[in-house]
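Notes follow once the structure below has been shown.
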Amino acid sequence: MKCRNLFSYLTAAIVVSILSFSMLASCASEPEPVLSDLTPAQIFQQAQEAASNDKYQRAIEYYHYFLDSYPNETSRRVEAEYEIAFLTHKMGNDQEALRLFDALLEKYRSEEAAVYPQWPKVLATKVSEEIRQQQQGNQPPPATAAE
C-alpha cells in the first residue's frame, strides 16, 4: 500500500513539474507587447536595448511600430529606416538590407532631404558599399576560354 501511495505521489510530482516547466517555457517565448503609450524616444530606447541584446527582430518590430505610429516624425523616420536596414544586414539578409538601404538613400534625393539628419545617409552609403564589395568578392571568378 505504501509503495502505491509513494508511486502516486511521485507521478503527481512529475506531472506538476512538467506542466510548470512547459508553462514557464511558453511564457518566455512569447514576445513582449509593444506598449502604445511609449514616446518616440522610448520606442527608440527599447529598440536599441533589444538590438544590444541581439534581439534584432524585436528591435525591428519596435522601429516598425514607430513608423506606423508617428508618420509625421520625418527626420526620425529615416533614422528608424536606417536601423531596420542595418539590423536586417546583421541578421544576414543582405539582399533585403540593400533594398532597404537603396530606398532610404533615394529619399535623400528628394526636396524633403534638407530636414533629414545626415548620419543615416552616410552610414547607409558606407554599409551598402561594404555589402556590395563583399558580394563581389564572394562571387566565383569568371570562366576563362580554356575552361
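Classification of the F66-F44 ring pair by plane angle, with boundaries at 30° and 60°, yields perpendicular.
Taking CG of L100 as the start and CD of E81 as the end, the distance is 8.5 Å to the nearest 0.5 Å. For the atom pair CG of L38 and CD1 of I43, the computed distance is 5.5 Å after rounding to the nearest 0.5 Å. Here E96 contributes atom CD and F101 contributes atom CZ; the two are 11.0 Å apart, rounded to the nearest 0.5 Å. The structure places CG of D68 at 15.0 Å from OH of Y63, a figure rounded to the nearest 0.5 Å.
Distance alone, capped at 3.5 Å, places no donor-acceptor pair between the N93 side chain and the H89 backbone. Distance alone, capped at 3.5 Å, is enough to place a donor-acceptor pair between the Q42 side chain and the T39 backbone.
Figure legend: cation-pi geometry between R58 and Y56 absent, as NZ or CZ is not positioned both under 6.0 Å from the six-membered ring centre and within 45° of its axis.
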Would E112 and K107 count as a side-chain contact (heavy atoms from CB on, under 4.5 Å) if you check the C-alpha gap in whole Å, the side-chain angles of each, and the deciding distance to 0.1 Å? CA-CA 8 Å; E112 274 190 342; K107 289 184 176 190; over 6 Å; no
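A donor atom on one side chain and an acceptor atom on the other are not found under 3.5 Å apart for E61 and Y65. Using modelled atom types and a 3.5 Å distance limit, the side chains of N72 and Y70 yield no donor-acceptor pair. Side-chain polar atoms of Q48 and E83 form no donor-acceptor pair below 3.5 angstrom.
The shortest non-hydrogen separation linking R77 to L67 is NH1-O, 2.7 Å. Here the closest heavy-atom approach between residue A47 and residue A59 is recorded as O-CB, 3.3 Å.
Between E129 and K126, none of the side-chain N atoms (NZ, or NE/NH1/NH2) sits under 4.0 Å from a carboxylate O, so this pair counts as no salt bridge. Contact check on R132 versus D102 returns a salt bridge, with a Lys/Arg side-chain nitrogen under 4.0 Å from an Asp/Glu carboxylate oxygen. Under a 4.0 Å N-O distance rule, the pair K55/E49 does not qualify as a salt bridge.
The shortest distance between side-chain heavy atoms of Q135 and L98 falls below 4.5 Å.
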